[in-house]
Amino acid sequence: MPDSIPVRTRFAPSPTGSLHIGGLRTALFNWLFARHHHGQFILRIEDTDQKRYDPNALQTLIEALRWAGVDWDEGPDIGGPFAPYVQSERLDLYQQWANWLVEHGKAYRSYETAEELEQMRKGQEQRKEQPGYNRAHRSLTPEQRAAYEAEGRAYVVRFAMPLEGQTTVRDLVQGEVTFDNAVQQDMVLLKSDGFPTYHLAHVIDDHLMEISHVMRAAEWLPSLPLHVQLWQAFGWKMPEYAHLPVMLNPNGKGKMSKRNPPKDARGNVIPVLVHDYMNAGYLPEAMDNFLTNIGWNFGDEREVFSMAEAIERFDTDRINAANSAFPPEKLDWLNGVYIRDMDDVELARRLRQPLEAAGFEVNVDTLLRVVPIVKTRIKTLNDVVSMAGFFFRETFLPAAPEQIIQKKMDAASTVQTLQAAVAVLAGIDEADFVTQTLYDAVQPLTETLGISNGQLFGALRVAVTGQTVSTPTFESMEIIGKDETLRRLKQATALVSAKL
RNA sequence: GGCCCUAUCGUCUAGCGGUCUAGGACGUGGCCCUUUCAAGGCCAAAACACGGGUUCGAGUCCCGUUAGGGUCACCA
């Protein structure tokens, strides 16, 4: 289904730090939309605020997007027909068009100093007036202007917003939105340092880069009338706008932000940056699926789907206009789903990193054998460390004797149990040291010892793994091997004996 | 406070006038399985904010109220 106008969307973050989780969702939606319509997705860097510029941010940003599997057709790293894709390298363009607006009476130079503006705001506050620029320099006489110029004053270029009438836009998500022009501000388009503000830069770039659809967070909705008027002032064809619902804190109070860190139901801090999720062991597949499900719905009552499937049916008509709270439990659940569904070899590959980061030397053969018994037990990749890290520990860390002793047992009965198990296990050939054989050999001991499976297996499990919460007993023994299993059981016997 | 947006289970959502005694998912509770922890299976509790209209008929359309959110910079 060929579209009449080629779809071109963009993600235009400002490089002020690592990518915000909400930013990733915005990127994802733009990307999904472009891919669905067989169009292009562009990455553009909006570094027009010199005060907030972070030189490492671009790299981090790219890293996060790549991690999530978002790819772009044009961007600062790969160039493209409308390069450069970094706004600080396009300054002359913005200045040129700002001048054009001034020359055509659509904008004007404003010479107030920061202090003067501060004064004005204070006055407004005292008089309990609505804050905003008073348009003092909107109609300066040529003489006044010349005087300020002669003074050598710096100036900003402000947009001359229409003073009456209304601005109505049909937003793809929000529907028809109408604003009174009279309450709008004469916003700054070009700052005194020669850099453009977002308002000016995005309109010029979206025009020049032939962007067809602007999908951005609903936080931008209040400045939409300004943008619409800017498009009209330039006489350019406006792209479609789609304002995405804002992602709110898990409790629904306020949007997710770095200041004011969100918390989950138990009071744990919820990370806001994509890198935090990367480091916490979340899978990009799960993260993408999760984020795509907030504010958009796959349909058919399906919640688990790949990005390839999402691309097939992604469109703006299923985007919800209502804001939504960030559901952290759902992310954990989804991540678990993806871990369980993953091929063992692939999962092993991904488990390696967190294991090594925890200081373990990873034996790949062992890891491959461990994967099947951990995959249903972990929610994040990092969970493997606490659940199965012991398989890779250089020297075994035995559990405390109290932990080896099971419910309704004492040191004496535990020692008796461990010794009985050692006797049985010692008689099994190394080649037969596999789960089922071990189970069949050991289980009958419950009869002779008069204890339950739970007591028997529990004692052995804690003795052999060193953990009260761990992978299952016999599976773990098989991986650990006969010699080491026996050694650990004897060590545990000694440990508990000391309690007699 | 002004302006704008939104309003279905605790949460993410389905629902686009009759098929809604409102569906799915997460979470929660219970049961089963069980060797810890999970996973898995089964079951349960849980919502159309309120008030007016429109209509034969409203969760679905309109208005108001209330509530929540966003935004009011030479930041994006």
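Note on naming: letters A, B, ... go to the chains in the order of the sequence lines (proteins, then strands), and numbering restarts at 1 for each one.
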Show your working on side chain to side chain donor-acceptor pair (under 3.5 Å) between A/D440 and A/Q436 and close with a plain yes or no. CA-CA 6 Å; A/D440 292 343; A/Q436 192 58 50; 3.1 Å; yes

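Base pairing annotation: B/U60 forms no Watson-Crick or G-U wobble pair, as no partner gives both donor-acceptor distances under 3.5 Å. Pair check for B/A25 finds B/U11; Watson-Crick or G-U wobble, both atom distances under 3.5 Å. The partner of B/C33 cannot be assigned: no Watson-Crick or G-U wobble pair with both contacts below 3.5 Å exists in any strand. Judged by Watson-Crick or G-U wobble contacts below 3.5 Å, the nucleotide B/U6 has B/A67 as its partner. Pairing partner, B/C72: B/G1, with both Watson-Crick or wobble hydrogen-bond distances short of 3.5 Å.
Looking at heavy-atom distances under 4.0 Å, A/R302 makes no contact with the nucleic acid at all.
In this model, no side-chain donor or acceptor of A/T468 finds a partner on the base of B/U36 within 3.5 Å.
If you measure from atom CG of A/D440 to atom P of B/U35, you get 14 Å, rounded to the nearest angstrom.
Residues from residues 161-178 of chain A lying near RNA chain B, meaning a heavy-atom separation below 4.0 Å, are A/Q174, A/V177, A/T178 in numerical order.
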Just the atom pairs and distances: protein N or O near nucleotides 72-75 of chain B's N or O, under 3.5 Å.
unit_1	atom_1	unit_2	atom_2	d
B/C74	O2	A/S192	N	2.8
B/C74	O2	A/S192	OG	2.8
B/C74	N3	A/S192	OG	3.0
B/C74	N4	A/E112	O	3.1
B/C75	OP1	A/K51	NZ	3.4
B/C75	OP2	A/K191	NZ	3.0
B/C75	O2'	A/D49	OD2	2.9
B/C75	O2'	A/R52	NE	3.4
B/C75	O2'	A/R52	NH2	3.2
B/C75	O2	A/R52	NH2	3.4

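Of the candidates B/A38, B/U6, B/G24, B/A38 carries the atom nearest the A/T376 side chain, counting heavy atoms from C-beta on.
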